[in-house]
Engineer: 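Submitted below is the structure of interest, expressed as structure tokens.
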Amino acid sequence: MRGTMLYGPRDVRFEERPDPTILDPTDALIRIAAACVCGSDLWPYRGIAPITEPTPMGHEYCGIVEEVGSAVTSIKPGQFVVGSFFASDNTCPNCQSGYQSSCIHRESIGGAQAPLLRVPLADGTLVATPEVPSARVIPSLLTASDVLGTGWFAATAANVKSGATVVVVGDGAVGLLGILSARQMGAERIIAMSRNTLRQKLAREFGATDIVVERGEEGVERIKDMTHGIGADSVLECVGTQEAMMQAIHSTRPGGYVSYVGVPHGVELSGQELFFAHVHLHGGPAPVRHYLPRLIDLVWNGEISPGKVFDLELPLSQVAEGYRAMDERRAIKTLLRP
Ligand SMILES: [Zn+2]
């Protein structure tokens with residue numbers, strides 16, 4: 001098969017690779033229906049998180065099970081499945097408490113920007129849809145694999161409740177689906193921080209009630225103006241930079257909640273500042289597996305259409321252009337079809 005490899009900064013190649021095979025009896029092989037480029041793929045792409053050797057790319061996936069190992073019992077060939085970017089056994093204490101992305105047997109998934117993918121711990125990792133879906137819903141199902149699951153975790157970790165005032169920092173795909181998630185959880189006011197008109201439009205479609213274009217401390221001032229000088233109940237930090245993190249903490253009311261789901265790069269917090277901010281902090285790699293059954297249901301029943309975040313669709317063979325378009329912010333998120 002041909003698959004996507006990153007060789008170094010801005011050097012993405014779609015090249016001949018060995019077909020993945022079943023290595024462990026708990027593995028499954030998936031025939032990919034659609035894959036995509038993640039915001040977190042841009043960190044190594046830009047050389048900010050350097051790689052030491054050519055690396056297979058892609059960790060968001062859905063498709064048809066082609067083959068399973070001898071120990072796999074619940075997942076069957078022919079099923080359409082969605083899985084998370086971390087494989088998990090779904091039985092250990094961390095999985096049972098809803099933190100599958102900290103599974104004691106977790107393995108990271110790589111190489112999903114290809115026609116075939118090996119998924120370890122198939123029974124614990126993959127969730128099957130009720131039937132093989134129509135082509136129209138595949139993009140929305142694909143978002144459940146990471147970007148929607150991560151937005152959902154952002155809203156959950158920020159304790160979004162019915163009637164809450166919510167701020168979302170970051171207008172990338174995760175931020176936008178954080179808005180959708182907050183709306184599903186009953187937030188009354190959702191303030192999106194974005195200065196890009198296309199993204200503002202999608203933010204409103206997903207449920208944002210207000211838009212703030214200012215950033216940093218100026219952005220914080222605007223949030224304070226809009227919340228009687230107090231700050232928001234729940235703030236979702238969906239970027240991973242120092243500026244975004246401080247903007248999030250300073251926009252939150254005393255007693256409020258900040259979630260952080262963007263992989264941090266260069267973020268440092270001062271103990272003094274945290275002490276006096278009086279906010280709850282919770283974040284990390286989203287336990288997507290925990291939310292998959294619920295998210296698949298919402299998509300399957302037509303209650304949400306998170307697939308709208310894909311504003312560029314390319315054949316897998318043009319994956320390099322998919323990265324370029326996101327790097328240059330010409331695209332919010334690139335969908336790749338084999
Ligand atoms: Zn586990």
Side-chain angles (χ1 to χ4, degrees), residues 20-30 32 35-36 38 40-41 55-77 79-112 116-130 141-159 174 177-178 181 240 259-264 280-300:
T21 52
I22 300 281
L23 299 179
D24 295 315
T26 47
D27 289 352
L29 285 184
I30 310 296
I32 296 293
C36 50
C38 183
S40 66
D41 293 334
T55 305
M57 297 299 287
H59 56 260
E60 298 167 84
Y61 58 95
C62 62
I64 303 270
V65 179
E66 183 124 314
E67 191 185 337
V68 296
S70 58
V72 175
T73 56
S74 62
I75 295 295
K76 309 258 186 276
Q79 282 180 326
F80 188 96
V81 292
V82 186
S84 156
F85 50 86
F86 275 131
S88 55
D89 57 19
N90 212 29
T91 54
C92 79
N94 291 340
C95 285
Q96 287 189 333
S97 67
Y99 284 82
Q100 283 87 339
S101 42
S102 274
C103 175
I104 59 176
H105 296 118
R106 84 172 180 193
E107 287 184 51
S108 46
I109 303 276
L116 271 174
L117 176 70
R118 169 185 166 257
V119 179
L121 302 170
D123 280 330
T125 305
L126 298 170
V127 178
T129 56
L141 289 170
L142 175 61
T143 64
S145 177
D146 179 355
V147 61
L148 172 60
T150 297
W152 195 269
F153 175 56
T156 304
N159 194 45
V174 168
L177 294 179
S181 302
S259 65
Y260 50 102
V261 296
V263 182
H280 301 75
L281 284 178
H282 186 29
V288 168
R289 174 62 185 83
H290 185 58
Y291 307 125
L292 269 177
R294 171 89 193 275
L295 298 178
I296 288 173
D297 254 17
L298 286 170
V299 169
W300 201 262

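Counting convention: from 1, in listed order, for ligands and their atoms alike.
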Engineer: Is there a donor-acceptor contact under 3.5 Å from the side chain of Asp24 to the main chain of Thr26?
Structural biologist: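 A pair under 3.5 Å: no.
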Engineer: So do the side chains of Leu126 and Ser74 get within less than 4.5 Å of each other, counting heavy atoms only?
Structural biologist: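 The answer is no, as the side chains (C-beta and beyond) never meet within the 4.5 Å cut-off.
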Engineer: Show which side-chain atoms of residues 56-67 pair as donor or acceptor with protein atoms under 3.5 Å away, not counting sequence neighbours.
Structural biologist:
from: His59; atom 1: NE2; to: Asp146; atom 2: OD2; distance (Å): 3.1
from: Glu60; atom 1: OE1; to: Lys333; atom 2: NZ; distance (Å): 3.1
from: Glu60; atom 1: OE2; to: Lys333; atom 2: NZ; distance (Å): 3.2
from: Tyr61; atom 1: OH; to: Ser84; atom 2: N; distance (Å): 3.3
from: Tyr61; atom 1: OH; to: Ser84; atom 2: O; distance (Å): 2.8
from: Glu66; atom 1: OE1; to: Arg31; atom 2: NE; distance (Å): 3.3
from: Glu66; atom 1: OE2; to: Arg31; atom 2: NH2; distance (Å): 2.9

Engineer: Does anything in residues 284-295 form a side-chain hydrogen bond (donor to acceptor under 3.5 Å, both in side chains)? List the pairs, not counting sequence neighbours.
Structural biologist: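 Listed by first then second residue: nothing to list.
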Engineer: Name of the Asp89 N, O or S atom nearest the Zn ion (ligand 1)?
Structural biologist: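 Sorting the N, O and S atoms of Asp89 by distance to the Zn ion (ligand 1) puts OD1 first.
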Engineer: Looking from the Zn ion (ligand 1), what is the angle between SG on Cys95 and SG on Cys103, to the nearest 10°?
Structural biologist: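 Here the angle at the metal atom is close to 110°, to 10°.
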Engineer: Hey, is the Zn ion (ligand 1) within less than 2.8 Å of some N/O/S atom on His105?
Structural biologist: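 No, since none of the N, O or S atoms of His105 sits under 2.8 Å from the Zn ion (ligand 1).
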